[in-house]
A.B. asks: 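Starting off with a structure, shown below.
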Amino acid sequence: MSYKVSERVCLQTPDIEDARAHFVGTGMTVVSETPDSVELVGDGVRLFIDRGEKLGPVMELLVPDLDMARDDLLTQGWELVAWEGRGGRCYMAIPMGLLFNLWEDPSAYEEGESDGS
């Protein structure tokens with residue numbers, strides 16, 4: 001099974017307005033915003049802040065097949081934390097506790113494609 005670490009990181013917090021202000025204060029730029037989510041960019045990172053209970057950081061793994069990746073990681077001792085399926089939150093934790101969102105993106109495995117956009 002192939003995995004690619006993306007430049008995307010997600011944080012969840014009940015106060016996204018406060019989090020937004022902190023990251024804008026570091027020079028990050030807001031590129032998208034809704035009442036429940038803020039997307040910011042900075043040098044080499046795309047940060048998503050979602051309204052919810054404190055959680056994170058959640059890094060992202062791009063995978064060619066979501067279900068195969070989940071099954072493979074479970075056999076490696078990873079823990080399933082949240083599973084909404086394709087296009088949703090698919091959080092898994094490595095045994096040391098760091099969270100990853102699995103994001104199915106077969107195009108990230110095509111020659112010349114690597115950013116998962």
A.B. asks: With a 4.5 Å cut-off on side-chain heavy-atom distances among I, L, V, M, F, W and Y, is there a chain of contacts connecting V5 to L98?
C.D. replies: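 Same cluster: V5 reaches L98 through Ile, Leu, Val, Met, Phe, Trp or Tyr contacts under 4.5 Å.
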A.B. asks: Given side chains that start at C-beta, do those of F100 and M92 come closer than 4.5 Å, heavy atoms only?
C.D. replies: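 Answer no - side chains too far apart.
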A.B. asks: Closest approach of Y91 and C10, non-hydrogen atoms and distance?
C.D. replies: OH-SG, 4.0 Å
A.B. asks: Residues two or more places apart in sequence or in another chain: which of them pass side chain to side chain donor-acceptor pair (under 3.5 Å) with D72?
C.D. replies: Y3, Q76
A.B. asks: Identify, with sequence neighbours excluded, every residue that meets salt bridge (charged side-chain N to carboxylate O under 4.0 Å, His left out) alongside E79.
C.D. replies: none
A.B. asks: To the nearest 0.5 Å, what is the distance between CZ on R70 and CD on E104?
C.D. replies: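 If we round to the nearest 0.5 Å, R70:CZ and E104:CD are 11.0 Å apart.
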A.B. asks: As an exercise, state the distance from CG of L73 to CG of D71, rounded to the nearest 0.5 Å.
C.D. replies: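 So the CG of L73 and the CG of D71 are separated by 9.0 Å.
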A.B. asks: I need the S37 OG to Q12 CD distance, nearest 0.5 Å.
C.D. replies: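 With rounding to 0.5 Å, OG (S37) is 10.0 Å from CD (Q12).
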A.B. asks: Please report the closest heavy-atom contact between C90 and L66, naming both atoms and the distance.
C.D. replies: SG-CD2, 3.8 Å
A.B. asks: When clusters are formed by joining ILVMFWY residues with side-chain heavy atoms under 4.5 Å apart, either directly or through shared neighbours, do L47 and V41 land in the same one?
C.D. replies: no
A.B. asks: For K4 and Y109, which heavy atoms make the closest approach, and how far apart are they?
C.D. replies: N-OH, 3.2 Å
A.B. asks: Answer yes or no on whether R89 is positioned over the face of W83, meaning its NZ or CZ is under 6.0 Å from the six-membered ring centre and within 45° of the axis.
C.D. replies: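 Pair R89/W83 does not count as cation-pi.
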A.B. asks: Report yes if the side chains of L11 and D50 come closer than 4.5 Å at any heavy-atom pair, otherwise no.
C.D. replies: no
A.B. asks: Using every non-hydrogen atom in the two residues, find where T13 and A19 come nearest and quote the distance to one decimal.
C.D. replies: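 Looking at all heavy atoms of both residues, the shortest contact is CG2-CB, 4.0 Å.
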A.B. asks: A side-chain contact here means heavy atoms from C-beta on lying under 4.5 Å apart; do L40 and T29 qualify?
C.D. replies: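 Heavy-atom side-chain distance check fails, nothing below 4.5 Å.
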A.B. asks: Under a plain distance cut-off of 3.5 Å, with no hydrogens placed, do T34 and D36 share a side-chain donor-acceptor pair?
C.D. replies: no
A.B. asks: Pairs of donor and acceptor atoms involving the side chains of residues 53-61, under 3.5 Å and at least two apart or interchain, shall be tabulated with distances.
C.D. replies:
unit_1	atom_1	unit_2	atom_2	d
E60	OE1	S6	OG	2.8
E60	OE1	R8	NH1	3.3

A.B. asks: Look at the side-chain heavy atoms of Ile, Leu, Val, Met, Phe, Trp and Tyr, link any pair under 4.5 Å apart, and say whether V63 and W78 land in one connected group.
C.D. replies: yes
A.B. asks: What are the two closest non-hydrogen atoms of R46 and V31, and how far apart are they?
C.D. replies: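 Shortest heavy-atom contact: NH1-CG2, 3.8 Å.
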A.B. asks: Taking all non-hydrogen atoms of both residues, which atom of M1 and which atom of D65 are closest, and how far apart?
C.D. replies: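 That would be CE-O, 3.7 Å.
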A.B. asks: Hydrophobic clusters here meaning ILVMFWY residues chained together by side-chain heavy-atom distances under 4.5 Å, can you tell me if I94 and L74 are in one?
C.D. replies: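 Yes; tracing contacts between hydrophobic side chains, which count when under 4.5 Å, links both residues.
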A.B. asks: Are M68 and L62 linked, directly or through intermediate hydrophobic residues, by side-chain heavy-atom contacts shorter than 4.5 Å (ILVMFWY only)?
C.D. replies: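 As far as the 4.5 Å side-chain criterion goes, M68 and L62 are not connected within one cluster.
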A.B. asks: Salt bridge or not between R51 and E17? Use side-chain N to carboxylate O under 4.0 Å.
C.D. replies: yes
A.B. asks: For D43, look at atom CG and say whether over 12 heavy atoms of other residues, nucleotides or ligands are found less than 6.0 Å away.
C.D. replies: no
A.B. asks: Quick check: do I49 and E39 have side-chain heavy atoms less than 4.5 Å from each other?
C.D. replies: no
A.B. asks: Between D67 and R86, is there a side-chain N and carboxylate O pair less than 4.0 Å apart?
C.D. replies: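 Answer for the salt bridge query: yes.
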